[in-house]
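Report on the structure given below.
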Amino acid sequence: MSTSWNTAAIAEKLGIAAADLAIETIIHHVDGVEYENVLLFNKAQPPVTGVLAVPNYFGIRQQALEIAATTVGAQHAIFVADVFGRAVRPTTADEAIAVITALKTNRAELRRRMHAALTAFAQQQKISVVAGKIGVCGFCFGGTAALELARDGAAVPGTVSLHGALDTPAPATSQVKGAVLVLHGVQDPSVPRDKVDGFIDEMNALKIDWQLVNYGLAGHSFTDPDANSPGFYYHRQTAQRAAVALQAFFGEVLA
């Protein structure tokens, strides 16, 4: 299965010339299942640091690459991670919800797939990324996945969740090693206040470097230009502010 990407659109989001954009397919396997990731970077000025970005519940698609490019920027190589499997590409919300529900129910499997994606990024041969200079971020479901990887003790300098769920089945077992930044829309109906408070308690108990930024006018999906439902909507100003916050965070922890 080959995919034709709109290179010009992705390059525009990164703020580079289309001719300078590298889009590489990175394949990895877990228990015989093939996963197809997409690596983005500026060929004219190859970055030496990287950010693994996990898309929302629709997984790998054009919009996921554009959102990752817009938010992370060209200063890092961006590895848009496939945690569903190459054969799983939801086309409807119901299909997507079914896929992520299975993974959110089985956090051990989600963590295993996240570790495999991180290893695939670190071991790919398309661009040289300095060892230990890979951060992780995720959007919506991807934010949940990013936090689960951090909770499982992954050796990453920093993790960012953008409008992701904040709860985990066993917070007392979390083993976060790097810094954490959560960018949260206060109007998000899927993350009630008690879940936010539970996350704060979890992070405080770990005694790590963590931040929680609450955006008062934003709900869930605030980085997704197609989101337009009560509580689940795009908010351009917040998306722009979140990109500034994320880039500053990774600029610090990956320096």
side-chain hydrogen bond (donor to acceptor under 3.5 Å, both in side chains) test vs Asp152 passes for just one of Lys177, Arg111, Gln175, Arg107, namely Arg111

State yes or no: do Ile208 and Leu147 share one hydrophobic cluster built from I, L, V, M, F, W and Y residues joined by side-chain heavy-atom distances below 4.5 Å, directly or via other members?
-> yes

What's the verdict on salt bridge (charged side-chain N to carboxylate O under 4.0 Å, His left out) for Asp82 and Arg89, showing C-alpha distance, side-chain angles and the deciding distance?
CA-CA 10 Å; Asp82 176 14; Arg89 294 291 185 263; 3.3 Å; yes

Listed pairs under 3.5 Å, donor-acceptor, residues 67-76 side chains, sequence neighbours left out:
residue	atom	partner	partner atom	Å
Thr70	OG1	Glu66	O	2.8
Thr71	OG1	Ile67	O	2.8
His76	ND1	Thr49	OG1	2.6

In short, ring pair (Phe, Tyr, Trp, His ring centres under 6.0 Å) pairs touching residues 99-150 with sequence neighbours left out are Phe79-Phe121, Phe84-Phe141

Return yes if some donor-acceptor pair links the side-chain N/O of Lys43 with the main-chain N/O of Ala19 below 3.5 Å, else return no. yes

Value for CG (Leu110) from CZ (Arg151), rounded to nearest 0.5 Å, stands at 10.5 Å

### Query
Any donor-acceptor pair under 3.5 Å linking the side chain of Gln125 with the backbone of Gln123?
yes

So, do Leu246 and Cys137 sit near enough that their side-chain heavy atoms are less than 4.5 Å apart? yes

Side chain of Tyr233, backbone of Gly219: donor and acceptor closer than 3.5 Å?
yes

Output for pair (Thr223 OG1, Tyr234 OH), nearest 0.5 Å, gives 8.5 Å

Heavy-atom closest pair (Glu148 atom, Thr168 atom, distance to 0.1 Å) is OE2-OG1, 2.7 Å

Would you check if Leu40 and Leu65 make a side-chain contact, meaning some heavy-atom pair closer than 4.5 Å?
yes

What one should report as the nearest heavy-atom pair of Ala93 and Phe58 is N-CZ, 3.8 Å

Going by heavy atoms in the side chains, are Asn204 and Trp210 under 4.5 Å from each other? yes

In short, Ala18 meets Ala11 closest at the heavy-atom pair CA-CB, 3.6 Å

Do Leu166 and Leu206 belong together in a cluster built from hydrophobic side chains that touch within less than 4.5 Å? yes

Separation between CE (Met114) and CG (Leu52), nearest 0.5 Å, reads 5.5 Å

**Asked** Side chain of Gln187, backbone of Gly216: donor and acceptor closer than 3.5 Å?
**Response** yes

- Message: Membership question, hydrophobic clusters at under 4.5 Å side-chain separation (ILVMFWY): are Val196 and Val180 in the same one?
- Response: yes

* To do: Using the side-chain contact (heavy atoms from CB on, under 4.5 Å) rule, take Glu24 and Gln124 through it: C-alpha gap first, then chi angles, then the decisive distance, then the call.
  => CA-CA 10 Å; Glu24 302 286 353; Gln124 54 75 35; over 6 Å; no

Output for pair (Asn42 CG, Leu21 CG), nearest 0.5 Å, gives 8.0 Å

Counting C-beta onward and ignoring hydrogens, is there a side-chain heavy-atom pair between Ile60 and Asn37 closer than 4.5 Å? no

CZ of Phe199 to NE2 of His184, rounded to nearest 0.5 Å, is 10.5 Å

Quiz item: So, does Arg113 use its side chain to make a donor-acceptor pair with the main chain of Val83 at under 3.5 Å?
Solution: yes

Next on the checklist: So His235 and Tyr215, do their side chains get closer than 4.5 Å, heavy atoms only?
Outcome noted: no

*Is there side-chain contact between Asn56 and Arg61, with at least one heavy-atom pair below 4.5 Å?*
yes

Residues Val129 and Gly50: closest non-hydrogen pair is CG1-N, 3.8 Å

Note: Pro192 and Pro189 closest approach over all heavy atoms is CD-O, 4.2 Å

Worksheet item: In this structure, are over 12 heavy atoms from other groups packed under 6.0 Å from Asn228 atom CG?
Response: no

For the hydrophobic clusters of this structure (ILVMFWY residues joined by side-chain heavy atoms under 4.5 Å, transitively), does one cluster hold both Trp5 and Leu14? yes

Value for CG (Leu162) from CG (Leu183), rounded to nearest 0.5 Å, stands at 5.0 Å

So do Cys140 and Tyr57 actually touch side chain to side chain, heavy atoms under 4.5 Å? no

Do Pro225 and Gln63 have side chains that get closer than 4.5 Å, going by heavy atoms? yes

Worksheet entry | Within 6.0 angstrom of Arg112 CZ, more than 12 heavy atoms from elsewhere | yes

Could you tell me whether the side chain of His220 and the main chain of Gly185 form a donor-acceptor pair under 3.5 Å?
no

Looking only at heavy atoms, the pair that brings Ala77 and Leu39 closest together is CB-CD1, 4.3 Å

Tyr35 reachable from Ile134 in the ILVMFWY side-chain graph, under 4.5 Å edges:
no

